[in-house]
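Following: one structure in structure tokens, then a few remarks.
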Number of protein chains: 4
Amino acid sequence: MPTFSEISEALADQSIELPSWAFGNSGTRFKVFGSAGAPRDPYEKLADAAKVHELTGLAPSVALHIPWDLVDDFDKLGTHAANLGVRLGTVNTNTFQDDDYKFGSLTHVDERVRAKAIAHMHQCIDIMDVIGSRDLKIWLPDGTNYPGQGDLRDRQDRLADSLRQVYDRLSEHQRLVLEYKFFEPAFYATDVPDWGTSYAHSVALGERAFVCLDTGHHAPGTNIEFIVAQLLRLGRLGSFDFNSRFYADDDLIVGAADPFQLFRIMFEVIRGGGYGPDSEVAFMLDQCHNVEEKIPGQIRSVLNVQEMTTRALLVDRAALTEAEKLGDVLGAHEIFMDAFYTDVRSDLADWRVSRGLPAEPMQAYRESGYADHINSTRTGGIQAGWGA
Amino acid sequence: MPTFSEISEALADQSIELPSWAFGNSGTRFKVFGSAGAPRDPYEKLADAAKVHELTGLAPSVALHIPWDLVDDFDKLGTHAANLGVRLGTVNTNTFQDDDYKFGSLTHVDERVRAKAIAHMHQCIDIMDVIGSRDLKIWLPDGTNYPGQGDLRDRQDRLADSLRQVYDRLSEHQRLVLEYKFFEPAFYATDVPDWGTSYAHSVALGERAFVCLDTGHHAPGTNIEFIVAQLLRLGRLGSFDFNSRFYADDDLIVGAADPFQLFRIMFEVIRGGGYGPDSEVAFMLDQCHNVEEKIPGQIRSVLNVQEMTTRALLVDRAALTEAEKLGDVLGAHEIFMDAFYTDVRSDLADWRVSRGLPAEPMQAYRESGYADHINSTRTGGIQAGWGA
Amino acid sequence: MPTFSEISEALADQSIELPSWAFGNSGTRFKVFGSAGAPRDPYEKLADAAKVHELTGLAPSVALHIPWDLVDDFDKLGTHAANLGVRLGTVNTNTFQDDDYKFGSLTHVDERVRAKAIAHMHQCIDIMDVIGSRDLKIWLPDGTNYPGQGDLRDRQDRLADSLRQVYDRLSEHQRLVLEYKFFEPAFYATDVPDWGTSYAHSVALGERAFVCLDTGHHAPGTNIEFIVAQLLRLGRLGSFDFNSRFYADDDLIVGAADPFQLFRIMFEVIRGGGYGPDSEVAFMLDQCHNVEEKIPGQIRSVLNVQEMTTRALLVDRAALTEAEKLGDVLGAHEIFMDAFYTDVRSDLADWRVSRGLPAEPMQAYRESGYADHINSTRTGGIQAGWGA
Amino acid sequence: MPTFSEISEALADQSIELPSWAFGNSGTRFKVFGSAGAPRDPYEKLADAAKVHELTGLAPSVALHIPWDLVDDFDKLGTHAANLGVRLGTVNTNTFQDDDYKFGSLTHVDERVRAKAIAHMHQCIDIMDVIGSRDLKIWLPDGTNYPGQGDLRDRQDRLADSLRQVYDRLSEHQRLVLEYKFFEPAFYATDVPDWGTSYAHSVALGERAFVCLDTGHHAPGTNIEFIVAQLLRLGRLGSFDFNSRFYADDDLIVGAADPFQLFRIMFEVIRGGGYGPDSEVAFMLDQCHNVEEKIPGQIRSVLNVQEMTTRALLVDRAALTEAEKLGDVLGAHEIFMDAFYTDVRSDLADWRVSRGLPAEPMQAYRESGYADHINSTRTGGIQAGWGA
């Protein structure tokens with residue numbers, strides 16, 4: 001097994017994009033609990049995100065969600081970010097909160113609604129042009145709740161046509177990333193339910209269309225690391241939405257539900273060339289901090305990714321290959337587990353200190369006074385949430 | 001196989017309680033779509049429910065949800081219902097929308113919050129006393145999102161103590177019905193996740209405590225009709241919350257996702273003595289009409305239950321028993337399917353006409369002008385939803 | 001809704017291939033129960049299959065499994081089939097019962113084993129040439145049981161190379177059909193686990209490579225009819241392996257577990273152009289009759305497919321399209337369910353009689369004396385099963 | 001967090017029973033791969049099990065499976081075990097491999113078959129009397145494959161009656177442990193499918209009837225540690241069958257698929273009083289080493305349980321309780337994860353050495369020459385498997 005110092009240089013390559021919406025309120029259909037200090041606008045969201053990056057060195061960019069993060073002047077927002085030490089990243093579309101999208105957006109049977117959704121995405125690309133984003137990420141709520149409600153096949157054809165109209169608007173240095181999801185909010189048929197669908201549309205669109213893999217968007221039991229390996233092999237893994245789940249799309253902190261799964265995913269990312277300076281795979285969080293504090297929730301999340309990346313880098317791949325050749329199942333498994341079971345936390349603390357970061361970011365946050373600060377100053381106004 | 005006329009008398013025994021909240025707006029965490037004509041208060045909800053009963057003869061009672069259906073004068077509400085031809089039924093507690101319940105209600109580690117939840121349930125019993133309800137139905141959002149967050153064992157002990165305090169307040173003719181749910185809104189551990197837990201608490205409480213089986217609250221693949229048969233055998237099946245699902249707790253129209261499953265459930269209800277004048281099992285809908293019209297959605301639902309009950313009554317049980325004794329697997333299965341595949345719709349239409357009901361309730365509703373009426377008169381005010 | 005007579009002509013287009021191995025013994029890892037009258041060789045299997053076709057008119061061809069159905073003289077076997085009124089169809093490869101395949105076949109890390117597996121498939125193609133088969137169907141047991149055991153990525157690369165070597169051996173009128181499976185016999189990672197993988201390999205191979213969809217090979221909750229629609233749209237649906245399941249790959253009689261799902265699948269097949277004289281989609285059973293009688297089990301199966309095809313043909317598609325345009329969710333669902341709930345059995349009985357077939361094939365089989373005949377004459381020898 | 005030395009004494013309390021059948025061959029319905037050196041009789045199985053105990057100090061007893069482990073003289077077998085340094089433990093019944101049990105055993109509709117199954121269990125109790133076993137463990141294959149095939153309710157009644165007849169034969173110091181399983185080999189309805197069913201029967205039987213929890217026998221997503229906590233609370237957790245799974249009942253090495261889950265389970269065991277000298281909970285492996293070596297597979301398994309038990313003992317429970325009271329979700333989770341992420345392997349190696357055991361049992365086995373010994377001496381005869 002390599003030593004920590006042998007792999008520590010590779011750790012500097014890691015960056016995990018934060019979602020602006022993780023700092024606002026979120027919840028379930030039953031209840032959204034408010035939280036003291038929640039940001040009231042995109043500027044405050046960026047401040048919170050910058051705090052995460054300041055303490056971890058892992059999160060230099062922030063994804064936006066349109067229209068939640070619409071501002072009058074995106075140049076000003078970009079400058080604000082830069083002043084805070086972060087940059088604006090992926091732009092996420094939203095076609096699920098307007099009454100017009102009750103029966104779909106890019107797949108809608110009504111041309112008026114479909115054109116509206118496409119226009120929304122064009123608007124997002126315009127914003128990307130201003131802020132210098134590379135990726136347009138499309139997740140669609142489109143689907144049907146009852147058998148017979150919609151024509152599954154026609155919906156795919158309209159989807160292909162809509163995506164084409166969006167894709168063609170992109171500049172050469174921009175990418176379209178199509179996210180799939182097993183179910184929710186549609187409960188019978190979802191129009192982009194699996195990686196195969198996302199992949200087939202990406203290939204049809206062109207070289208700058210990719211698949212977004214949200215770790216919470218699969219059927220029970222799905223081997224996610226296999227999909228990672230396959231998409232890297234096919235050259236179509238565009239980005240990750242990290243989170244974790246026990247049941248459906250729980251949107252829990254990444255690595256909280258199944259740390260070993262996160263380790264396996266990061267191992268396939270690394271083995272498949274998806275990690276490092278030459279990779280164009282984007283790593284992002286997409287979580288809901290319903291009952292836990294949001295800023296430390298994000299800190300915990302990027303640390304979890306870092307810790308599992310570290311362990312995955314420690315795997316003795318040469319030994320693994322040798323064991324496979326020998327048919328030594330237990331030996332191979334043991335080599336793999338040896339890395340997973342290695343406690344890298346104190347090495348990582350040292351590594352942080354060597355880079356001018358706090359040894360223990362969670363503790364540093366608690367001691368920073370930032371929570372008290374925002375709790376006392378962010379009074380009045382409307383807290384940001386999924387509606388704004 | 002019995003003929004329709006041989007079983008038609010038994011159809012008169014059927015009544016399915018409607019949930020008042022089905023007529024208000026509902027949705028997913030992503031969006032609640034409003035709908036024209038949605039009721040603004042419990043009085044209007046009852047009017048809508050009464051329309052369903054008027055057209056189907058199947059839904060003589062309406063369940064209330066407190067505090068959503070709180071009114072100043074429950075006597076008056078009861079009279080209103082009676083005037084509409086229906087009655088008030090089960091009272092449902094709600095401990096998931098107050099900020100205090102962020103970490104639980106009957107299981108909460110803080111005695112103040114737990115006492116508040118118990119007091120809420122006592123208030124519900126007071127309402128039951130006024131309106132003459134038999135059943136207090138308790139569904140709890142209680143649970144935890146992260147391993148380590150709560151002490152699973154202590155939460156059970158507090159739950160037992162809380163339920164005891166609620167149960168002891170009931171009159172002799174009242175019942176406590178404890179609903180279980182696989183997950184949501186809690187995503188790691190739910191405090192009443194399965195029928196075993198509901199059953200164990202019911203037995204500990206006493207003879208008037210029962211289990212509520214919501215057809216959408218199980219792990220993937222669970223054989224629900226087995227649970228029905230088992231709970232009837234153990235004498236603890238209190239009530240049903242009918243709906244259907246493809247994935248999680250989708251809350252779709254009962255019978256829409258898997259009509260054969262509904263048939264199997266009704267068959268076990270009948271075989272186990274849960275159907276008919278001597279049974280105390282309550283049948284209720286608990287659904288969300290997110291994208292479809294609400295009143296016809298309820299009509300469709302009670303008709304689905306009636307149709308599958310009819311088919312289940314048609315099963316030739318003597319022949320089935322004989323086939324089982326012979327080890328004739330295909331023969332038994334064929335006897336069973338024969339009833340399921342029998343199209344009972346026109347017989348049911350005739351049966352309705354013979355009882356002064358419209359032959360086709362869905363069509364009768366469309367032709368009734370009721371939708372136009374409420375759409376044009378229910379203007380202004382705040383539409384009812386999960387928040388009110 | 002169309003009338004039965006309007007759609008009955010289309011029923012003549014239906015043919016469902018029977019698997020030779022359905023007539024032999026099968027079971028679970030716990031036990032294989034023997035059954036009286038089980039065939040001892042491929043000739044007797046064909047006789048049983050021919051009986052199913054004789055009584056239903058639905059099953060004119062029989063799939064072979066190599067080496068289970070290896071005979072000295074395939075010409076003779078083909079003549080035997082023709083004399084019985086059936087023909088030989090798809091050839092299925094088997095790389096799961098030789099000790100060499102413990103760690104894989106087409107994906108094996110050892111070139112010797114991989115070459116052996118490829119040679120086996122070449123042998124199958126040679127047999128296809130003799131008997132005039134169109135389709136080589138490949139289902140692989142390949143996968144790993146423990147994280148770390150194998151290199152997921154390399155296994156895909158070897159798979160691609162192996163498939164290329166197989167594909168290139170095919171004649172121009174032959175096809176390669178690659179079946180995917182969620183899990184079993186591998187329990188950690190399966191090398192062809194989903195339709196996306198099968199599709200990606202098919203596209204890479206060429207125009208005569210297709211996906212085989214086994215209805216029991218998906219994760220819990222997967223919307224199978226969506227995959228059907230998608231693969232037809234992409235032009236890569238090669239064939240079906242029909243069966244049904246409640247849990248894993250139960251291999252129960254198609255339509256037994258969820259008849260409504262079979263209806264939805266057949267509806268998408270028809271809507272997508274996969275049904276009828278111009279379609280090249282192959283329909284086949286792949287089931288295990290562990291506890292029920294095998295020949296009537298196959299009769300029941302083809303009848304189930306026919307019944308659900310009939311109902312699916314009855315759907316009023318124009319009305320459905322109209323309802324979708326209006327956003328009439330309940331209306332569309334009702335149009336769809338109307339066809340599903342229509343009892344087509346007596347119409348089908350008449351249709352059979354009009355074509356010289358028995359009205360009730362299950363009853364006709366019971367009365368035919370065939371079971372007694374094979375039970376009394378097939379004595380001695382070794383019953384066919386998965387091992388031979 | 002406690003130090004290792006503070007909890008190391010508690011480690012001495014751990015013992016994990018080995019299943020005799022883990023040393024024989026096993027597989028899937030597709031193939032059972034043979035392995036060199038596999039034992040040919042119960043005496044050789046005990047020798048293999050004793051080797052595991054010799055190297056780990058964790059496995060002092062061996063469970064038997066009747067009739068697989070039937071011998072003429074159980075006294076002699078017990079003496080053989082004692083000479084090897086182990087003892088005979090739980091007796092497992094087998095009612096799934098006789099043709100008579102095709103449609104069930106303790107639930108069978110035919111009184112003759114049911115009596116035969118009961119008699120088999122009485123025979124097992126007789127063996128328990130001879131060898132001094134405490135636990136009779138009953139896992140049943142009973143169930144049905146097709147809706148309609150069996151009367152679910154009657155099957156429960158017969159099950160209750162059968163269990164009563166078995167239970168009444170036990171001595172006062174003996175226990176009946178009833179195992180539940182989600183599915184397989186039955187694919188529609190299993191007669192003991194969940195803990196609720198096992199629990200209800202246990203309570204009905206009496207104080208010496210308990211539930212056996214096999215970690216692989218649950219629906220997807222089931223929170224197993226909740227069931228552990230609940231059964232301990234109800235006083236009915238009799239024993240564990242340890243293994244792990246990604247999909248169905250994969251029977252992989254415990255802790256291999258989800259080590260964090262094993263940690264959570266052991267934590268609830270400890271928190272609920274199920275661990276230590278005063279507990280009567282039995283811990284046992286029940287696994288299939290289909291592709292990996294069997295003896296080191298068992299060594300790896302008991303080490304996994306030990307490692308996760310160690311981590312679970314390290315949880316700072318007082319701090320956890322405090323964090324819960326404060327509603328500090330992230331704090332509580334972090335306390336919990338801190339123990340899980342602690343690498344206890346070198347401490348455990350030291351602990352082993354201090355007790356005269358090899359520091360690294362896996363390595364010690366490889367260096368012991370035992371594999372070569374059995375491979376070369378166990379030639380001829382029939383290898384043990386599930387059939388013998």
- prompt: So, B/F96 versus A/F30, ring centres under 6.0 angstrom or not?
  reply: yes
Separation between CZ of B/F182 and CZ of A/F246, rounded to the nearest 0.5 Å: 11.5 Å
- line: The interface call for B/P147 against chain A, heavy-atom contacts under 4.5 Å, is side chain
Let me see the donor-acceptor pairs closer than 3.5 Å between chain A and chain B, or none if nothing turns up.
unit_1	atom_1	unit_2	atom_2	d
A/R29	NE	B/E184	OE2	2.9
A/R29	NH1	B/D251	OD2	2.9
A/R29	NH2	B/E184	OE1	3.0
A/R29	NH2	B/D249	O	3.4
A/R29	NH2	B/D249	OD2	2.9
A/R29	NH2	B/D251	OD2	3.2
A/F30	O	B/Q97	NE2	3.2
A/K31	NZ	B/Q97	O	3.2
A/K31	NZ	B/D99	OD1	3.3
A/Q97	O	B/K31	NZ	3.2
A/Q97	NE2	B/F30	O	3.2
A/D99	OD1	B/K31	NZ	3.3
A/Y146	OH	B/I253	N	3.0
A/Y146	OH	B/E292	OE2	2.7
A/E184	OE1	B/R29	NH2	3.0
A/E184	OE2	B/R29	NE	3.0
A/Y188	O	B/Y247	OH	2.9
A/Y247	OH	B/Y188	O	2.9
A/D249	O	B/R29	NH2	3.4
A/D249	OD2	B/R29	NH2	2.9
A/D251	OD2	B/R29	NH1	2.9
A/D251	OD2	B/R29	NH2	3.2
A/I253	N	B/Y146	OH	2.9
A/E292	OE2	B/Y146	OH	2.7

query: A/G27, A/P185, A/G34: which one forms the most heavy-atom pairs within less than 4.5 Å of chain B?
result: A/P185
statement: Cut-off 4.5 Å, heavy atoms of chain B, and the answer for A/P220 is side chain
